[in-house]
Student: 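Here's a structure for you.
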Amino acid sequence: MASTAINYPTARRDDSVVDDYHGTQIPDPYRWMEDPDSQETRDFVTAQNAMTNEILSGIKDREKLKKRLTELIDSPHYGCPFKYGSNYFYFHNTGLQAHSVLYMQKSLEDEAEVLLDPNTWSDDGTVSLSTYAFSEDGEYLAYAVSQSGSDWTPIKVLRVGAREKEPDELRNVKYTSIAWTHDGKGFFYHRYDGVDTEGAAAGTVRVVNQRVYYHVLGREQREDALCWESKAHPTWMFGSEVTDDGKYLVISTWANCDHDNLVHVINLEQLPPGRLEEASEKAASASDGNDGSVRLPAITLRGEFDGMFSYVTNDGPAFTFHTNKDAPRGKVVRMMLQEGTGAEGRGEKMDGSMEGGEGKEGKEGKEERKEEEAKLEEGEEGWVEVIGESEGDVMEWIRCVNHDMLLLCYMRDVTNVLEIRSLADGSLLSTVPVPLGAISSSSGRRMDSEVFFSFESFLSPDTVYRCDLTASSPEPEVYRQLAVAGFDPSLFEAQQVFVPSTDGTRIPIVPMFVVSRKALPRTSSHYTLLYAYGGFNISIKPSFSVARVLLMRHYNAVVAIANIRGGGEYGERWHKAGALANKQQCFDDFASCAEYLIREGYTSPSKLVIEGGSNGGLLMGASVNQRPDLFACALAHVGVMDMLRFHEFTVGHAWTSEYGCSSDPQQLKWLLSYSPLHNVRRPWEAGSTSSNNTDAQSAEVAAGDVAAAEAAAKRQWAERTPQYPAVMLLTGDHDDRVPPSHSLKYAAELQHVLVHSKNGESLQTNPIVLRVDVKSGHGAGTSTQKVIERNTDAYSFAACVTNTPWVD
């Protein structure tokens, strides 16, 4: 497949668009692509999709791949059961349904009935279920709906017993939690006022001024009571949670994508009867319909952004939190509140309008009432340490279960372990035996004497376990197990290796799958897929993927997952080591992992395919720009490609804690050094980017002659034509998290510099293609059919450019 046979569309370059960044003039000729609804942008997308589809339609064995992938996916799978009121609920997909269906049953043995089926909401599967929450008694279900993958998710309400939809519908909702008061009269949620979520700009508009509202069931949205906001900090975002006992509302506040948060608590029991309903009535009678204020007394638990504090449970005023304050791998602490001891506030008004911030004093006389300040006991920080930080394991999550137990999930070298500890003193009660792999989901609340968790690994599909916590030594038992037709795990193996990076740090590269037999010969000829993410403290743990099984089975491929810095695999320090000024370390780690695969004889540059999405899409763009010699193909999904303007759209302003911002002169230097859009170069003009680890070197290494390998590598580099690897950029036309303009602009720049530019003859023969999926978003809520189509296109393209044959 060569680009010389491809008729690339030409995108108009507007050379008049030049931005001044602190005295540096930087052109942005494709600024017009930031308007997704302009006719010019639509024409560009249509032309690019037509070119890409023409290329894909000519790929041999593409239909075989799609057919086999469909067969592998067509297996029933189940979610963990969970209980509200007198009923159990769980999600189930028969195999090829666009979305999983929510079922309800009286007991685990009773026949289940359909409660909510998102597959009935659209003919093409583009409407999906987002977040949801049951009322405490299980009588009502509030659920958010996403259309075409959008993050704008209006909330609706279902009466569970009657299976009837209530008239309530709440709009302008994005990044919300849903928290019911225990009386079942209503719930707290978050919305952005003044945004046209139906208009053309809804997918790119910068969202600010999130607010917490209380909705009384059965009333109009205009009657909802405003409970919390931050007028002084419009980009701050919130999370709301009603405590296990129903007495308090816990409001967490984040300034950005860092996990550090403020914590405020509202005592719902101390409110006069009907206070929330009265506030709703006030809102309904207001002229603009949106100024109802509950004026709730807020108790500040954490007034500084100095750590992550996640609510676990409480016994009256004794609150238990999971935190990483002074403990990068996590610990559990308990705080005692003494309410009603009024004190001058730290900036948070009694009416839930935060005027200060980060613990600073508000202006005197501004508060209508004095804030109730938390009086904490024990220790320098005012808390009691219940469970200390582990020496090496990362505390991932905690559930309070069976009244007085804590179920803790730790991450140990990117696999999970479970412990049961005492809520009272944190003492270890038992270790729950689990296989080597990852816990993908779990369920269980404080009143539950049983918990469920779903386990998976690279070679094991989702298996749901049930654990009876009343037993003296709780042992998990298989509740439901997924079997994938035609997949025999005994034919494959997974291993974990540790790769030295550029600074000598140990990087786990999670396991290598061997096709057909467990002892795959290291011939350097294997199609190898290397995947990574490396950002936002997100851990990429073992998971089962039928698409990757297909690659191993029918292409004799090796699959590698690199847990590079920037993720959360080893705690907050591991994350920070790949963020902000350290972002380049992510790309260096990734290149080191690629070099390891080549050096150890698994693959060669002509067979190495790399893949990543979102922040991982940025990783792909930076990697091909910096090391085009190292890879054969890059699959970049919904990537952040314009690092100078990402903060101008949707929720991009929150990512500045991860990347920095071009408005800062020093941070501009970081961003400009690796921004994919701004670092496209012609390798044949720039010269060699590396003289190491080429096809010849990997062949010599396989024979054990390192010196000869290095010499061969240098000879071959001098003889080969340096160019970019084949690139496929994938995005969705309704992505309102990372707008499609990131991928559109990068595709246009790649094609311009490598193919269209008149500065010398182009030597780029590897294709550069753009795939824009219609009625699709960032990834959440994607239908099964669209997943099949996307994987078919991406992996058949990669197989084609690496000249890898299909094996029946």
Student: How far apart are the closest heavy atoms of Met728 and Ala794, and which atoms are they?
Tutor: SD-CA, 3.9 Å
Student: On the six-membered ring of Tyr531, is Arg548 placed so that its NZ or CZ lies under 6.0 angstrom from the centre and within 45° of the ring axis?
Tutor: yes
Student: Return the minimal non-hydrogen interatomic distance between Phe649 and Pro739, and the atom names on each side.
Tutor: CB-CG, 3.8 Å
Student: Ignoring hydrogens, what is the shortest heavy-atom contact between Pro500 and Ser592? Give both atom names and the distance.
Tutor: O-CB, 3.8 Å
Student: Kindly write out the residues that satisfy ring-ring contact (aromatic ring centres under 6.0 Å, His included) with Phe321, not counting sequence neighbours, or none if the list is empty.
Tutor: none
Student: Given side chains that start at C-beta, do those of Phe309 and Ser252 come closer than 4.5 Å, heavy atoms only?
Tutor: no
Student: Cation-pi check for Phe487 against Arg553: NZ or CZ below 6.0 Å from the six-membered ring centre and within 45 degrees of the axis, yes or no?
Tutor: no
Student: How close do Cys586 and Gly534 get, counting heavy atoms only, and between which atoms?
Tutor: SG-O, 3.6 Å
Student: One thing to verify: whether Asp773 and Arg790 come together as a salt bridge, which I'm taking to mean a side-chain N less than 4.0 angstrom from a carboxylate O.
Tutor: no
Student: Measure from the side-chain N and O atoms of Ser443 to the backbone N and O of Pro81, and report whether any donor-acceptor pair falls under 3.5 Å.
Tutor: yes
Student: So, Asn625 and Tyr724: side-chain donor and acceptor under 3.5 Å apart, yes or no?
Tutor: yes
Student: Scan side-chain atoms only and decide if Asp393 and Tyr570 contain a donor-acceptor pair under the 3.5 Å cut-off.
Tutor: no
Student: Tell me whether the centres of the aromatic rings in Phe587 and Tyr674 are closer together than 6.0 Å.
Tutor: yes
Student: Between Ser442 (side chain only) and Phe453 (backbone N and O only), is there a donor and an acceptor less than 3.5 Å apart?
Tutor: no
Student: Hey, does the side chain of Arg399 reach the backbone of Gly444 with a donor-acceptor pair shorter than 3.5 angstrom?
Tutor: yes
Student: State whether the side chain of Glu71 and the backbone N or O of Gly486 hold a donor-acceptor pair below 3.5 Å, judged by distance alone.
Tutor: no
Student: State whether Lys174 and Asp151 are salt-bridged, where the test is any N-O pair (Lys NZ or Arg NE/NH1/NH2 against Asp/Glu carboxylate O) under 4.0 Å.
Tutor: no
Student: Considering all heavy atoms of both residues, which atom of Ala622 and which atom of Pro676 are nearest to each other, and what is their separation?
Tutor: N-CG, 3.9 Å
Student: Any side-chain to backbone donor/acceptor pair from Trp670 onto Asn582? Under 3.5 Å, distance only.
Tutor: no
Student: For the side chain of Thr656 and the backbone of Ala654, is there at least one donor-acceptor N/O pair under 3.5 Å apart?
Tutor: no
Student: Any chance the rings of Tyr479 and Phe452 have centres within less than 6.0 Å?
Tutor: yes
Student: Taking Gly125's backbone N and O only, do any of them form a donor-acceptor pair with His99's side chain (distance below 3.5 Å, no angle check)?
Tutor: yes
Student: Backbone N or O of Glu456 within a donor-acceptor pair of the Asp462 side chain at under 3.5 Å?
Tutor: no
Student: Got a sec, which residues hit ring-ring contact (aromatic ring centres under 6.0 Å, His included) with Tyr533, two or more places apart in sequence or on another chain?
Tutor: none
Student: Does NZ or CZ of Arg480 come closer than 6.0 Å to the centre of the six-membered ring of Tyr78, within 45° of the ring's axis?
Tutor: yes
Student: Tell me whether Glu396 is salt-bridged to Lys541, with the criterion being a basic N under 4.0 Å from an acidic carboxylate O.
Tutor: yes
Student: Ion pair present between Arg329 and Glu389, side-chain N to carboxylate O less than 4.0 angstrom?
Tutor: yes
Student: Taking the side chain from Asn324 and the backbone from Met308, do they hold a donor-acceptor pair closer than 3.5 Å?
Tutor: yes
Student: Output, in order, the C-alpha distance, side-chain angles, deciding distance and verdict of salt bridge (charged side-chain N to carboxylate O under 4.0 Å, His left out) for Lys576 and Asp258.
Tutor: CA-CA 10 Å; Lys576 293 299 186 184; Asp258 261 355; 3.0 Å; yes
Student: Under a 3.5 Å threshold, yes or no: a donor from one side chain and an acceptor from the other, between Ser501 and Asp589?
Tutor: yes
Student: Between His575 and Glu569, is any side-chain donor less than 3.5 angstrom from a side-chain acceptor?
Tutor: no
Student: So does Val727 get a backbone contact from the side chain of Asn766, meaning a donor-acceptor N/O pair under 3.5 Å?
Tutor: no
Student: Grab the two heavy atoms, one from Pro118 and one from Leu129, that are nearest each other, plus how far apart they are.
Tutor: CG-CB, 4.1 Å
Student: Would Arg627 and Glu595 pass as an ion pair if we require N to O under 4.0 Å?
Tutor: yes
Student: Verify salt bridge (charged side-chain N to carboxylate O under 4.0 Å, His left out) between Asp503 and Arg565, making sure each step is shown before the conclusion.
Tutor: CA-CA 12 Å; Asp503 60 353; Arg565 275 169 281 193; 2.8 Å; yes
Student: Checking Glu611 against Tyr795: is there a side-chain donor and acceptor pair closer than 3.5 Å?
Tutor: yes
Student: Counting the benzene-type ring for Trp, do Phe536 and Tyr659 have ring centres under 6.0 Å apart?
Tutor: yes
